[in-house]
Amino acid sequence: MRNRLLPLALLLVPGCATLPAAAPTAHQVVAPAGAAGVTVVDIVDAPGLGAEAVPEAPAWPIADAAPADATITVGDRVTVTVFEVGYALFGAARDDAAPAAAGRTLPRMEVGEGGSIDLPYIGAIEALGRTPDAVAAEIERRLRGLSQNAQASVTVDRGPARSVIVSGDVKTPGRQPLTSAGERLLDVIAVAGGPTARGADTAVRVTRAGQSAEIRLDRLHVGDVANVRLAPGDHVELLRSVRSVTVLGAARTVSEVPFDSDALSLAEALARAGGPLDNQADATGVFVFRYEPALVDGVRKELPVIYRLNLLDPRSYFAAQRFRMHEKDVLLIANARSAQFGKLVQLLNTLVTPALTVELLTR
């Protein structure tokens, strides 16, 4: 048996580079990249990379809406309460009882296209475009002579015309009324229960009169220009938008690493992937693959660029803190060349005895 396996084992020794591997070696990355004209940049030797700043959000095009007024509009629901003393139209009065103020709330009425509401004994009263106080004063004026010292109170529940729509990846989507408090973008998101995903994975889109603007929720703060006062008819939509980098190769965890904020450094990405594998990774071969914008003959294009980090160089740990990852970057930790040799030894041990393996490798 040994004599039959020996020729096969001898054939496997020169084929070490062709054994299965989860990632290339550093040489297998750099050499083909150079032949293909792909730029390989050493992160430590490129100090300009450390000065890279977080990209600023574009100017917010949607301005604050005008402060809300108290006027009644179509679709509002009006509630009228009438307080009367003595002889009354809306309440039962007893002849033997002392005069006392009694209030009667009338059924709630919705303001239609005609703009008026109908009350018993006095008929239609114009409500559209008037304040609740003005409508109450009109009711009191019309009741003079019909009721003794009538006082009116008018409250309004805002209808669809004074509301915004909140939709998308939000816990409680639906229509929200706007009040005279002047609700802002963060206010309606909070009332809707917030996003169903992390703020870092959520974008907020506001649409007003055909114009839309978008901002990431984790960049939206109280006092920001984007935290606008909303106007009736605005549409607020929360969108799932996960930003991540892909980690491949000889990492402890091959995974998709999400952004927790706008800034994710190379050091943080490596740490979240568990770092390089001790028995497999090449510490000199940590690569970031990215398309970078560039002008080529006056035409804006995206060119492939490979950034390299050597973890055996102490300076690389400072550089990794300042090197910012971009969305859709690919982070590759190369295999060490010795890892292939170890695989060959394991394969030979499955075919022949360890002693014969040593004999074959020392020939």
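Below, each value reflects all heavy atoms present in this structure, side chains not excepted, and no hydrogens, waters or symmetry copies.
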Problem - Evaluation steps, side-chain hydrogen bond (donor to acceptor under 3.5 Å, both in side chains), between Gln321 and Ser265 - result: CA-CA 6 Å; Gln321 295 177 49; Ser265 69; over 6 Å; no

Report yes or no: does [X] contribute a side-chain atom to a donor-acceptor pair with the main-chain N or O of [Y] at less than 3.5 Å?
| X | Y | result |
| --- | --- | --- |
| Glu140 | Ala152 | yes |
| Asp224 | His221 | yes |
| Asp169 | Thr196 | no |
| Ser255 | Val257 | no |
| Gln176 | Val188 | yes |
| Asp297 | Val299 | no |

Practice task
Give the other cluster members for Val296, using side-chain heavy-atom distances under 4.5 Å between Ile, Leu, Val, Met, Phe, Trp and Tyr residues; answer none if it is isolated.
Solution key: Leu303

Practice task
Hydrophobic side-chain clustering at under 4.5 Å (ILVMFWY, transitive links): who's grouped with Leu277? Put none if nobody.
Solution key: none

Practice task
Walk me through it: do Leu185 and Leu220 pass the test side chain to side chain contact (heavy atoms under 4.5 Å, CB included)?
Solution key: CA-CA 9 Å; Leu185 182 53; Leu220 182 61; 3.7 Å; yes

Problem - Option among Asp282, Leu270, Leu309 that satisfies the side chain to side chain contact (heavy atoms under 4.5 Å, CB included) test with Ile333 - result: Leu270

Would you name the heavy atoms of [X] and [Y] that are closest together and state the gap between them?
| X | Y | result |
| --- | --- | --- |
| Ala70 | Pro132 | O-CD, 3.2 Å |
| Pro195 | Leu217 | CG-CD2, 3.5 Å |
| Leu143 | Ala150 | CD1-CB, 3.8 Å |
| Ala273 | Val247 | CB-CG1, 3.6 Å |
| Pro258 | Leu264 | O-CD2, 4.5 Å |
| Ala127 | Val111 | CB-CG2, 4.3 Å |

[atom2] on [Y] to [atom1] on [X], rounded to 0.5 Å:
| X | Y | atom1 | atom2 | result |
| --- | --- | --- | --- | --- |
| Leu331 | Asp329 | CG | CG | 8.5 Å |
| Arg205 | Ile62 | CZ | CD1 | 11.0 Å |
| Thr284 | Asn310 | OG1 | CG | 5.5 Å |
| Leu146 | Ile122 | CG | CD1 | 8.0 Å |
| Arg158 | Ser180 | CZ | OG | 7.5 Å |
| Asp76 | Met109 | CG | CE | 12.5 Å |

Less than 4.5 Å apart, side chain to side chain, heavy atoms only: is that true for [X] and [Y]?
| X | Y | answer |
| --- | --- | --- |
| His235 | Val166 | no |
| Tyr291 | Val305 | no |
| Ile165 | Val236 | no |
| Glu84 | Asn149 | no |

Is it true that [X] and [Y] have a side-chain N and a carboxylate O under 4.0 angstrom from each other?
| X | Y | value |
| --- | --- | --- |
| Arg243 | Asp218 | yes |
| Asp69 | Arg162 | yes |
| Arg272 | Asp260 | yes |
| Arg142 | Glu138 | yes |
| Asp278 | Arg252 | yes |
| Glu292 | Arg290 | yes |

Practice task
Please lay out, stage by stage, how Asp157 and Arg108 fare under the test side chain to side chain contact (heavy atoms under 4.5 Å, CB included).
Solution key: CA-CA 10 Å; Asp157 294 326; Arg108 189 168 57 177; 2.9 Å; yes

Would a single hydrophobic cluster contain both [Y] and [X], if residues Ile, Leu, Val, Met, Phe, Trp and Tyr are joined by side-chain heavy-atom contacts under 4.5 Å?
| X | Y | value |
| --- | --- | --- |
| Leu311 | Ile43 | yes |
| Val44 | Phe318 | no |
| Val222 | Leu230 | yes |
| Leu128 | Leu178 | no |
| Ile117 | Val74 | no |

Would [X] and [Y] count as having a side-chain donor-acceptor pair, cut-off 3.5 Å?
| X | Y | answer |
| --- | --- | --- |
| Thr105 | Thr81 | yes |
| Ser244 | Glu256 | yes |
| Gln211 | Thr207 | no |
| Glu237 | Ser167 | no |
| Asp133 | Thr131 | no |
| Arg216 | Ser241 | yes |

Problem - Derivation and outcome, side chain to side chain contact (heavy atoms under 4.5 Å, CB included), residues Leu119 and Leu106 - result: CA-CA 8 Å; Leu119 272 71; Leu106 304 180; 4.1 Å; yes

Exercise for the section: With Asp234 as reference, evaluate Arg184, Arg208, Arg175 under the salt bridge (Lys or Arg N to Asp or Glu O under 4.0 Å) test and give the passing residue. Expected result: Arg208

Problem - Pairs touching residues 113-145 that satisfy ring pair (Phe, Tyr, Trp, His ring centres under 6.0 Å), sequence neighbours left out - result: Phe90-Tyr121

Handout entry: CA sep, side-chain torsions, deciding dist, call: Val78, Val80, side chain to side chain contact (heavy atoms under 4.5 Å, CB included)
Key = CA-CA 7 Å; Val78 177; Val80 177; 4.1 Å; yes

Problem - Tyr307/Phe323 under ring-ring contact (aromatic ring centres under 6.0 Å, His included): CA gap, chis, key distance, verdict - result: CA-CA 10 Å; Tyr307 297 97; Phe323 183 88; 5.3 Å; yes

